[in-house]
Amino acid sequence: QHAKVNKRDYQIYDANIDKNSIERFQLINELKVAIEQNQLVLYYQPKLNLAKQKITHVEALVRWDHPARGIIPPDTFIPIAEKTMQMDALTRWVITEAMAQYHRWQLLGIDMCIAVNISAENLKDEQFCHWVINALAEHHVPVAAMTLEITEDAVVSDPELAIKQLTLLRNNGLTLSIDDYGTGYSSLAQLKQLPVDELKIDKSFVQKLLENQADQIIVQSTLQLAHNLGLKVVAEGIEDKVTLEWLTDLNCEMGQGFYLSRPLPERQFNDWLTQSDYQ
Ligand code: C2E
Ligand code: MG
Ligand code: MG
Ligand code: MG
């Protein structure tokens, strides 16, 4: 919080660090309870099909509705879940909730494909992809309605195992997407080997696209590269109309960002969709 830390202030500064680590410790213990007691909640952000101007896809983004602290963003507790072996339980909760949401939308006559985020920890677990495939079958959710978003880094630590798992998922009909593309350390050689369908350009290249010529070149080249490799492209972090139009003109398949909508809880999302021009 302090822009500058004077020597005089060091005690206050230390106290803050201490407070943060106590808070972190409490969150670790509370997270297990949170997953068990349904304190997690999914927010939904639309992914607009740019050619059709229709919402056919959403990304599910988890939040923790903490009884005392209110809504906690994922960047605060996902890293904790990863370090404390809770990622399996968390991702299973997310997918189970997404499947239930799929059916709630079906009942409203809304045909929606849902994307969920998968962590590196999940790809290290041999059981995980079998669980996903069985869960979809058991809950009568078509595999084509589910996209898994994976960051490049999730593949880097053990590429062989990751590729094996991704291949199994994809052979079973799930859509796979590389998230935050451009921010990781994977090489083009690795990217070429990945059995994926879609590439999401990281928001850091999209947010200030209009003011930044380097970003324009990166996005344009990425679109070309992806299309030549047979991949569809999603641009995340669209914050204005002109950027949306620019991407539409370049045949980017899908767009996502605050300009369209922030991630919203179920009811607000449904209201937004009803009054939007994209149904
Ligand atoms: P992500 O998967 O790359 O999701 C996109 C993030 O960018 C979301 O943040 C979204 O709210 C934000 N965003 C979307 N459009 C814009 C925009 O126009 N401007 C700006 N400034 N931001 C935008 P969120 O919901 O806080 O999630 C952060 C990250 O937490 C996600 O990044 C993802 O890596 C992780 N995460 C969220 N939910 C889950 C989950 O269920 N499981 C796992 N493993 N990770 C998750
Ligand atoms: Mg994502
Ligand atoms: Mg992303
Ligand atoms: Mg991200």
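When a residue number appears, it is its place in the shown sequence, counting from 1. Start at 1 and go down the list; that is how both ligands and their atoms are numbered. The model shown is predicted, which means the values in this text are computed figures rather than measured ones.
There is no side-chain donor-acceptor pair under 3.5 Å between Asp153 and Thr151.
Only the side chain of Asp180 comes within 4.0 Å of ligand 1, judged by heavy-atom distances. Contact annotation for Gln207 and ligand 1: only side-chain heavy atoms (C-beta onward) come within less than 4.0 Å of the ligand. Using a 4.0 Å cut-off between heavy atoms, Asp202 makes no contact with ligand 1 at all. Using a 4.0 Å cut-off between heavy atoms, Pro263 contacts ligand 1 through its side chain alone, with no backbone atom that close. Residue-level proximity to ligand 1 for Arg63 is carried by the side chain, the only part with a heavy atom below 4.0 angstrom. The parts of Asn117 lying near ligand 1 are both backbone and side chain, judged by heavy-atom distances below 4.0 Å.
Heavy-atom distances between Gly237 and ligand 1 reach below 4.0 Å in at least one pair. Residue Met87 places a heavy atom less than 4.0 Å from ligand 1. Not close to ligand 1: Lys200, with no non-hydrogen atom less than 4.0 angstrom away. Taking a 4.0 Å cut-off on heavy atoms, Val94 registers as neighbouring ligand 1. For the ligand labelled ligand 1, residue Gln45 lies inside the 4.0 Å heavy-atom shell.
Residue Asp180 approaches the Mg ion (ligand 3) most closely through its N/O/S atom OD1. Looking at Glu149, its N, O or S atom nearest to the Mg ion (ligand 2) turns out to be OE1.
In this structure, the ring of Tyr44 has its center no less than 6.0 angstrom from the ring center of Trp272.
Checking Asn117 against the Mg ion (ligand 2), an N/O/S atom falls under the 2.8 Å cut-off. Among the backbone and side-chain atoms of Glu236, no N/O/S atom is found under 2.8 Å from the Mg ion (ligand 2).
Nearest heavy atom pair, residue Phe205 against residue Val219, reads O-CG2, 3.7 Å. Here the closest non-hydrogen pair linking Leu210 and Gln216 is O-NE2, 3.4 Å.
Centred on the Mg ion (ligand 2), the OD2 atom of Asp179 and the OE2 atom of Glu59 lie at an angle of 180°, reported to 10°.
Note on Lys32 versus Glu36: salt bridge recorded, some NZ/NE/NH1/NH2 to OD/OE distance being below 4.0 Å.
Close contacts between ligand 1 and Ile78 involve ligand atoms 42 (N), 43 (C), 45 (N), 46 (C) [criterion: under 4.0 Å to a heavy atom].
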